[in-house]
Amino acid sequence: MSAIDLVWFRRDLRLADLPTLLAVADTAAAVFVLDDVLLRPGPRRSFLFDCLRRLDEALAGRLLVTRGDPVAVIPALARELGAGAVHISADFGPYGSRRDRAVAAALGAVPLLPSGSPYVVAPGRIRKSDGTAYRVFTPFRRAWLEHGWRAPARTGPDTVRWLDPAGLGMRVPIPTDDGAVALPAAGEAAAAARWHSFLADGLDRYHRDRDRPDLSGTTGLSPYLKFGCLHPRTVLQDLRGRGDDAAATLRSELCWRDFYADVLHDRPDTAQRNYNPRFDRIRHDTGPDAQRLFEAWAQGRTGFPIVDAGMRQLLAQGWMHNRVRMIVASFLTKDLHLPWRWGARHFMRHLVDGDLASNQHGWQWTAGSGTDAAPYFRVFNPIGQGEKFDPDGDYVRRWVPELRGVAGKRVHRLADGRPPGYPEPIVDHAEERREALARYAETADRGD
DNA sequence: CCAAAGTTCGG
DNA sequence: CGAACTTTG
């Protein structure tokens, strides 16, 4: 038996479990195989590279980062290192699971820890008594709360012996991206710091303030959860014994993350296709005019202040407040009549926390095509939502400089006219709401 | 509490 | 078969 094993870190998952996994493998090298999605420039790549760089420093440069087809790369590395067994770092994620299982089988790879999924409960495990997946959140949550979960992996790289890969031709230097987007600090230490500071003075306000984009009432943990810098079970563990509204709400949000991962695991096709096939018949706008409207939305020049503020925050920070994500998504699908995939793709390109399961199914929920979707008649009013959730207009003024001269909540309705340079509304909301309802009604006509 | 019309879940 | 169904206006 060889003294050296290889541990393959599948894509972007589970940086946090790395030390525990390697402790199991006695002596091992960690191989991080970047896939093409994560090599595209953007906030997620920048953030991931920052995470890897920090990990690399903590481990004195003994992390292997490479790219390419794992079926070719992993055995070549194993040969070069004289490695014995090849281990897979984890359970498989919610998407691409079939392909990854095939790759693992081709490599003869052994999963190290069954607890390795970056979810509280691994996708595919919570099932109704008839064995099928849940399609509604609330019953899923009931089952999820009753389901046990094991303790999170312990972190701390000093428990691990590392192989020195010096001289390995396949080692890829971790590139540095330019800092065009203001990203949160990367890595496990930053994640823990954020979580502990939120526990100390954010959690008590969470239930009240989480819907307020002007108040920073959210946890700020999404990039860390996405990249495995913080495990959701660590969060649950630290919440144990708290039965208050804030703790219950945060648990529930973690459950949404598990729910959508489970839905995508059960229905991988829904990353691109409507979960509810009735929506295959809905009429979208797609011509040059639609492209122009999409561009106005993407650049934050729709003439609807809360929408523009959100879209500009996304470009500046690689992040947008969740309430505002719903508002801009409703606007794209119901006011502009564009396909939800256009918006979902834009989000994935720009969000540092962009996660395929949560993103696509969040969009489908808003569009009406998803699990447990918003009833079709629920069309967000962008002005009303702005007045309700940004009551003093501070969020809008922060991100839309043209509107800084308009005081208070009047910045949402702009009843006294628009400052020069700020666009007129690109659509009439009341009219487009009627149009959206009419198009929805059309989908029922032809039965099947 | 209602809108409109379901579907989903659990008993 | 009855009750329930994140995020509205």
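The sequence lines fix the lettering, A, B, ..., with proteins before strands; numbering per chain opens at 1.
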Close aromatic pair by centroid cut-off 6.0 Å: His284(A) and Trp342(A):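 His284(A) vs Trp342(A): aromatic centres not under 6.0 Å.
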Would you say the rings of Tyr206(A) and Phe198(A) are close, in the sense that their centroids are separated by under 6.0 Å?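 Ring-ring flag for Phe198(A)/Tyr206(A): true, centres closer than 6.0 Å.
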Nearest whole Å is fine: how far is [N] [atom2] from [X] [atom1]?
| X | N | atom1 | atom2 | answer |
| --- | --- | --- | --- | --- |
| Arg135(A) | dT7(B) | CZ | C1' | 8 Å |
| Phe377(A) | dG6(B) | CZ | P | 13 Å |
| Arg434(A) | dA3(B) | CZ | P | 21 Å |
| Phe140(A) | dT7(B) | CZ | P | 23 Å |
| Asp130(A) | dT8(B) | CG | P | 12 Å |
| Arg141(A) | dT7(C) | CZ | C1' | 13 Å |
| His207(A) | dT7(C) | NE2 | C1' | 13 Å |
| Asn276(A) | dT8(B) | CG | C1' | 13 Å |

At under 4.0 Å between heavy atoms, what does Tyr134(A) touch on the DNA or RNA strands: base, sugar-phosphate, or nothing?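 Sugar-phosphate, no base atom in range.
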Classify Phe380(A) by what it touches in the nucleic acid, base, sugar-phosphate, or nothing, heavy-atom distance under 4.0 Å. sugar-phosphate
Compare the minimum distances between each of [options] and the side chain of [X], then state the nucleotide with the smallest one.
| X | options | result |
| --- | --- | --- |
| Pro139(A) | dG10(B), dC5(C), dG9(C) | dG10(B) |
| Arg378(A) | dC5(C), dG10(B), dT7(C) | dT7(C) |
| Lys128(A) | dT8(C), dG10(B), dA4(B) | dG10(B) |
| Val136(A) | dT8(B), dG10(B), dT7(C) | dT8(B) |
| Tyr376(A) | dG9(C), dG10(B), dA4(B) | dA4(B) |

Mate of dC2(B) where both pairing distances stay under 3.5 Å, Watson-Crick or G-U: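 Across all strands, the one nucleotide that pairs with dC2(B) is dG9(C).
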Considering every strand shown, what is the Watson-Crick or G-U wobble mate of dA4(C) when both distances are under 3.5 Å?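 WC or wobble partner is dT7(B).
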Looking only at side chains, do Asp355(A) and Tyr260(A) share a donor and an acceptor under 3.5 Å apart? no
Residue-phosphate contact under 4.0 Å: Gln385(A) side-chain N/O, dG9(C) OP1/OP2: yes
When the P atoms of dA4(C) and dG11(B) are compared, how many Å lie between them, rounded to an integer? 13 Å
Distance check, P atoms only: dA4(B) and dC1(C), in whole angstrom units. 26 Å
What residue among Arg257(A), Arg125(A), Arg127(A) forms salt bridge (charged side-chain N to carboxylate O under 4.0 Å, His left out) with Asp262(A)? Arg127(A)
Taking Arg142(A) first and then Glu146(A), would you say they form a salt bridge - that is, a charged N and a carboxylate O separated by under 4.0 Å? no
